[in-house]
Amino acid sequence: MRVVAGDYRGRKLKSLSGDNTRPTTDKVKESIFNMIGPYLDGGLVLDLFAGSGGLAIEAVSRGAAHAVCVDRSYPAIKIIRENIGITKEPEKFTVLKMDAKQALKEFAGNQQQFDYIFLDPPYAKQELLLQLEQMVQADLMTTHAVIVCETAKEVDMPERIGTLAQSRRQVYGITAVTIYRNEG
């Protein structure tokens with residue numbers, strides 16, 4: 001696993017061992033950024049199920065101003081911090097050890113808004129629809145935010161969720177990538 005493009009291009013990233021995580025492959029990561037715009041013009045990123053932090057690091061490498069990486073696992077937090085160290089710009093990242101539900105409550109309380117949100121939860125424990133609805137209700141997204149959801153290819157995501165409109169869906173092997181844009 002490596003950073004595909006941008007300031008950190010080519011830097012190797014560590015991933016967690018075991019079956020609990022499935023890091024986004026370089027091919028899928030490159031496809032995601034080709035769909036949302038290969039380079040970002042600033043903005044705040046939320047990687048809610050960060051795992052190794054690969055998507056957040058890729059976003060900052062491609063121009064995002066800051067990324068918040070959330071994961072509930074101590075081993076994941078350790079790997080995220082090591083991978084952020086590879087960037088030599090740790091000030092561009094915030095790492096939070098908490099579950100998604102707790103993080104969403106905290107962001108709502110802080111009235112925090114994100115420009116890019118990456119949701120790649122463990123396939124067996126997906127509550128994406130509920131989490132997306134909570135984000136819309138809590139106004140956690142900027143007006144033109146982009147939300148990227150990775151799911152098992154069998155998961156059928158709705159066309160609309162509140163102010164979110166599905167703009168693209170692509171299948172890569174067992175993984176489906178669904179992109180929403182906030183039209184709020």
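Note: hydrogens, waters and symmetry copies are ignored here, and every other heavy atom, side chains too, is used.
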Is there a path of hydrophobic side-chain contacts, each under 4.5 Å between heavy atoms of I, L, V, M, F, W or Y residues, that connects L48 with L96?
yes

Interatomic distance, CE@M157 vs CG@L129, rounded to 0.5 Å, equals 6.0 Å

Would you mind reporting whether L44 and Q112 have side-chain heavy atoms less than 4.5 Å apart?
yes

Would one find more than 12 heavy atoms of other residues, nucleotides or ligands at under 6.0 Å from atom CD of Q111?
no

Under 3.5 Å donor-acceptor, K97 side chain and A76 backbone
no

Ignoring hydrogens, what is the shortest heavy-atom contact between G51 and L16? Give both atom names and the distance.
O-CD1, 3.9 Å

Kindly work out whether a path of hydrophobic side-chain contacts (I/L/V/M/F/W/Y, heavy atoms less than 4.5 Å apart) joins V177 to V155.
no

Kindly give the heavy-atom pair with the smallest separation between R181 and S167, and that separation in Å.
NE-OG, 3.7 Å

Output every pair passing side chain to side chain donor-acceptor pair (under 3.5 Å) with a member in residues 101-110, not counting sequence neighbours, ordered by first then second residue.
none

Using 30° and 60° as the class boundaries, would you call the ring planes of F93 and Y8 parallel, tilted or perpendicular?
tilted

Donor-acceptor pair, side chain of N83 and main chain of S52, under 3.5 angstrom
yes

Report yes or no: does N182 contribute a side-chain atom to a donor-acceptor pair with the main-chain N or O of T142 at less than 3.5 Å?
yes

Just how far is it from atom CD1 of I32 to atom CG of D120, taken to the nearest 0.5 Å?
7.5 Å

Counting only N and O atoms by type, is there a donor-acceptor contact under 3.5 Å from the side chain of R11 to the main-chain atoms of I86?
yes

Counting C-beta onward and ignoring hydrogens, is there a side-chain heavy-atom pair between V4 and F33 closer than 4.5 Å?
no

Interatomic distance, CG@L132 vs CD@Q134, rounded to 0.5 Å, equals 9.5 Å

For V45 and A64, the nearest pair of non-hydrogen atoms, with its separation, is CG2-CB, 3.5 Å

Give the C-alpha distance, both sets of side-chain angles, the deciding distance and a yes or no for side-chain contact (heavy atoms from CB on, under 4.5 Å) between R169 and V171.
CA-CA 7 Å; R169 183 174 191 275; V171 175; 3.6 Å; yes

As an exercise, state the distance from OH of Y116 to CD1 of I36, rounded to the nearest 0.5 Å.
6.5 Å

Measure the shortest side-chain to side-chain distance between F114 and M135 over non-hydrogen atoms and say whether it is less than 4.5 angstrom.
no

Please answer: with hydrophobic residues joined when any side-chain heavy atoms are less than 4.5 Å apart, are L128 and V70 in the same cluster?
yes

Do E150 and V28 come close enough that some side-chain heavy atom pair is under 4.5 Å?
yes

When you compare the side chain of T163 with that of M141, does any pair of heavy atoms fall below 4.5 Å?
no

Can you tell me how far the CZ atom of F49 sits from the OG atom of S73, to the nearest 0.5 Å?
13.0 Å

Report yes or no: does R2 contribute a side-chain atom to a donor-acceptor pair with the main-chain N or O of D26 at less than 3.5 Å?
no

Separation of E133 CD from Q131 CD (nearest 0.5 Å)
10.5 Å

ILVMFWY network linking I80 to V60, side-chain heavy atoms under 4.5 angstrom
yes

Which pairs with one or both residues in residues 53-66 pass side chain to side chain donor-acceptor pair (under 3.5 Å), sequence neighbours excluded?
E58-R62, H66-T94

Among the clusters formed by ILVMFWY side chains lying less than 4.5 Å apart, do L130 and I161 turn up in the same one?
no

Indicate yes or no for a side-chain donor-acceptor contact from Q166 to the backbone of P158 under 3.5 Å, with no hydrogens or angles considered.
yes

Among L119, I117, I147, exactly one meets side chain to side chain contact (heavy atoms under 4.5 Å, CB included) together with L46. Which residue is that?
I117

